[in-house]
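Just below is one structure, and these are the notes that go with it.
Index from 1, following the sequence. Source: prediction; values computed, not measured.
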Amino acid sequence: MAETKKLARKGLQDPQLRAFLSYMRVEKGVSVNTLSAYTGDLGKFEAFAAKRQQRACGMLRSDIVDFLSTLYKKRLDSRSVARNLVSLRSFFRFALAEGFIKEDPAQSIESPKFRQSLPSFLSVEEIDRLLAQPDLSTPLGLRDKALIELLYSSGLRVSELLGLRMGDIHMEVGCLRCIGKGDKERQVPVGRVALAAVQAYLRDARPALLGNKVSPCLFVNRRGGQMSRVGFWQRLAAYGRMAGLRAKLSPHKLRHSFATHLLEGGADLRSVQMMLGHSDISTTQIYTHVVQDRLKQIYKQHHPRA
């Protein structure tokens, strides 16, 4: 709660923008990550409005179009520009409902068009090479091995993975409990290899990392505190380079690999949707395109009359 309040105050001076952030935090109960995204997007818009000697609620449709154009000039991609527009739409709907404005200037602005790119994923052989990199003779290596195994075994988002508490993983039944987007809780199965890696970490590494400290977090950093997303991202990218992976490795690529390998192995789309925590199955369907594209490649390589 303290962190969300800090985010709501960060950098924004306009009282109406601050009122919107407070509304999203208190009334809508958005996550810290979502609140941070709104704060960043609206902070850019506030700075743009200030250059025109305006406040956010004084901006017209033409001003908003100009603002989005500046984002393109700063080489933001269409997805990022679209997200900024979503933030502005949410704010102006709130401003209209609160009586701050009489008309919504963002209502008729169309979202940027962009192609839906196929998710990038690792092969099973690349996963094996990656998992061979952590040094299991050290507490950090044991922890990292457990993190990567669990991420690939469960398909969690990185925020869900690092937010796990000690009581969230159930070794005896082979599953874990996580809190996803919109504070939605779900149960996710965990494979025996990942469970063994977590057990080794809990037995031989976590006590050494904690020292005299106490933490409810399942995974802790070298100082015994909660791991940060940036810290894990950097260590994962380093392991990817050590494994000789050509493309830069991210936690989300392991999530993509989890879903793709499940579908390739015969899992049904609805089950994968539930494990990923997607609210809409259309979000999960993109992985079927990956599998279909791969099948076409295999057909062309191996069929004599392809």
*Linking I/L/V/M/F/W/Y whenever their side-chain heavy atoms sit closer than 4.5 Å, directly or via other members, would L88 and V65 fall into one cluster?*
yes
_If hydrophobic clusters are built by linking Ile, Leu, Val, Met, Phe, Trp and Tyr wherever their side-chain heavy atoms come under 4.5 Å apart, do F94 and I109 end up in the same one?_
yes
*What is the minimum heavy-atom distance between A267 and V272, and which atoms define it?*
CB-CG2, 4.0 Å
*Does some side-chain heavy atom of R55 sit less than 4.5 Å from a side-chain heavy atom of P15?*
yes
*Just wondering, do V30 and D183 contact through their side chains at under 4.5 Å, heavy atoms?*
no
*Find the distance between NE2 (H252) and CZ (F121) and round it off to the nearest 0.5 Å.*
14.5 Å
*Answer with yes or no whether the side chains of N33 and R229 bring together a donor and an acceptor at under 3.5 Å.*
yes
*Working to the nearest 0.5 Å, report the span between OG of S228 and CH2 of W233.*
12.0 Å
*State, with a plain yes or no, whether a side-chain heavy atom of R206 is found less than 4.5 Å away from one of S215.*
yes
*Drop me the distance from Y239's OH to D144's CG, to the nearest 0.5 angstrom.*
3.5 Å
*Is the distance between the ring centroids of F232 and F219 less than 6.0 Å?*
no
*For residues E98 and Q16, determine if any side-chain heavy atom of one lies less than 4.5 Å from a side-chain heavy atom of the other.*
no
*Quick one: CD on E185 to CD on Q187, what's the gap to the nearest 0.5 Å?*
6.0 Å
*asked:* Check whether E46 reaches the backbone of D14 with its side chain - one donor and one acceptor, N or O, closer than 3.5 Å.
replied: yes
*Is it the case that one hydrophobic cluster holds both L156 and L254, taking links as side-chain heavy atoms less than 4.5 Å apart, direct or via other members?*
yes
*Taking atom types as modelled, is there a side-chain donor on S257 or T260 under 3.5 Å from an acceptor on the other?*
no
*Counting distance only, does the side-chain N/O of K145 pair as donor-acceptor with the main-chain N or O of L131 below 3.5 Å?*
yes
*Mutual orientation of the aromatic rings belonging to H278 and Y287 [parallel < 30°, tilted 30-60°, perpendicular > 60°]*: parallel
*Pair E160 + R177, salt bridge at N-O below 4.0 Å*: no
*Return yes if some donor-acceptor pair links the side-chain N/O of S36 with the main-chain N/O of V32 below 3.5 Å, else return no.*
no
_Non-hydrogen atoms of L35 and M24 that approach each other most closely_ = CD1-CB, 4.4 Å
*Could you check C178 against L164 for side-chain contact (heavy atoms from CB on, under 4.5 Å), going step by step and ending with a plain yes or no?*
CA-CA 7 Å; C178 77; L164 290 173; 4.2 Å; yes
_Tell me whether R157 contacts the main-chain N or O of P251 through its side chain, where contact means a donor paired with an acceptor under 3.5 Å._
no
*Min side-chain heavy-atom separation P105-M59 under 4.5 Å*: no
*Any side-chain heavy atom of Y72 within less than 4.5 Å of one from D77?*
no
*Determine, step by step, whether D104 and R93 satisfy the salt bridge (charged side-chain N to carboxylate O under 4.0 Å, His left out) criterion, reporting the C-alpha distance in whole Å, the side-chain angles of both residues, the deciding distance to 0.1 Å, and the verdict.*
CA-CA 7 Å; D104 182 350; R93 282 197 298 268; 5.8 Å; no
*Hey, does the side chain of S22 reach the backbone of R18 with a donor-acceptor pair shorter than 3.5 angstrom?*
no
*Distance from R222 atom CZ to T138 atom OG1, nearest 0.5 Å?*
9.5 Å
*S271 and D268: side-chain donor and acceptor closer than 3.5 Å?*
yes
*Any side-chain heavy-atom pair of D41 and V86 under 4.5 Å*: no
*Under the side-chain hydrogen bond (donor to acceptor under 3.5 Å, both in side chains) criterion, do S80 and R75 qualify, and how do the steps go?*
CA-CA 10 Å; S80 298; R75 299 188 180 278; over 6 Å; no
*List the atom of R165, the atom of D168, and the distance in Å for their closest heavy-atom pair.*
N-OD2, 2.7 Å
*Fit a plane to each ring of F20 and Y23, take the angle between them on a 0 to 90° scale, and name the class: parallel (under 30°), tilted (30 to 60°) or perpendicular (over 60°).*
tilted
_Backbone N/O of G191 and side chain of S153: donor-acceptor pair under 3.5 Å_ = yes
_K213 side chain to R223 backbone, donor-acceptor under 3.5 Å_ = yes
*Can you check side-chain hydrogen bond (donor to acceptor under 3.5 Å, both in side chains) on S87 and S90, steps first, answer last?*
CA-CA 5 Å; S87 296; S90 297; over 6 Å; no
*Between CG on residue L71 and NZ on residue K44, distance to nearest 0.5 Å*: 6.5 Å
*asked:* Pairing donors with acceptors under 3.5 angstrom, does anything connect the side chains of S123 and R129?
replied: no
*Can you name the closest pair of heavy atoms from G155 and L276 and give their distance?*
O-CD2, 3.8 Å
_Residue Q53 excluded, over 12 heavy atoms near CD under 6.0 Å_ = no
*Would R235 and R143 count as a side-chain contact (heavy atoms from CB on, under 4.5 Å) if you check the C-alpha gap in whole Å, the side-chain angles of each, and the deciding distance to 0.1 Å?*
CA-CA 11 Å; R235 292 189 69 84; R143 182 205 62 189; 3.2 Å; yes
_One thing to verify: whether D63 and R52 come together as a salt bridge, which I'm taking to mean a side-chain N less than 4.0 angstrom from a carboxylate O._
yes
*Taking it one step at a time, do L209 and N221 satisfy side-chain contact (heavy atoms from CB on, under 4.5 Å)?*
CA-CA 7 Å; L209 294 173; N221 59 27; over 6 Å; no
*Is the backbone N or O of M275 less than 3.5 Å from a side-chain atom of R186, with the two atoms forming a donor-acceptor pair by type?*
yes
*Could you tell me whether a side-chain N or O of Y201 sits under 3.5 Å from a main-chain N or O of L218, the two making a donor and an acceptor?*
yes
*Pair F45-N84, side-chain contact (heavy atoms from CB on, under 4.5 Å): steps then yes or no*: CA-CA 9 Å; F45 186 64; N84 275 264; over 6 Å; no
*Between the side chain of Q226 and the main-chain N/O of L162, is any donor-acceptor distance below 3.5 Å?*
yes
*Indicate, with yes or no, if M171 and L151 share a hydrophobic cluster defined by side-chain heavy-atom contacts under 4.5 Å among Ile, Leu, Val, Met, Phe, Trp and Tyr.*
yes
*Going only through I, L, V, M, F, W and Y residues with side-chain contacts under 4.5 Å, is there a path from L147 to M166?*
yes
_Pairs involving residues 149-190, ordered by first then second residue, that meet ring-ring contact (aromatic ring centres under 6.0 Å, His included) (sequence neighbours left out)_ = Y152-H261
_Heavy-atom pair with the smallest gap, counting every atom of S137 and D135_ = OG-OD1, 2.6 Å
*For L176 and S154, which heavy atoms make the closest approach, and how far apart are they?*
CD2-CB, 4.3 Å
*Atom CD of E110: over 12 foreign heavy atoms under 6.0 Å*: no
*Within 6.0 Å of CE in M242, more than 12 heavy atoms from elsewhere*: yes
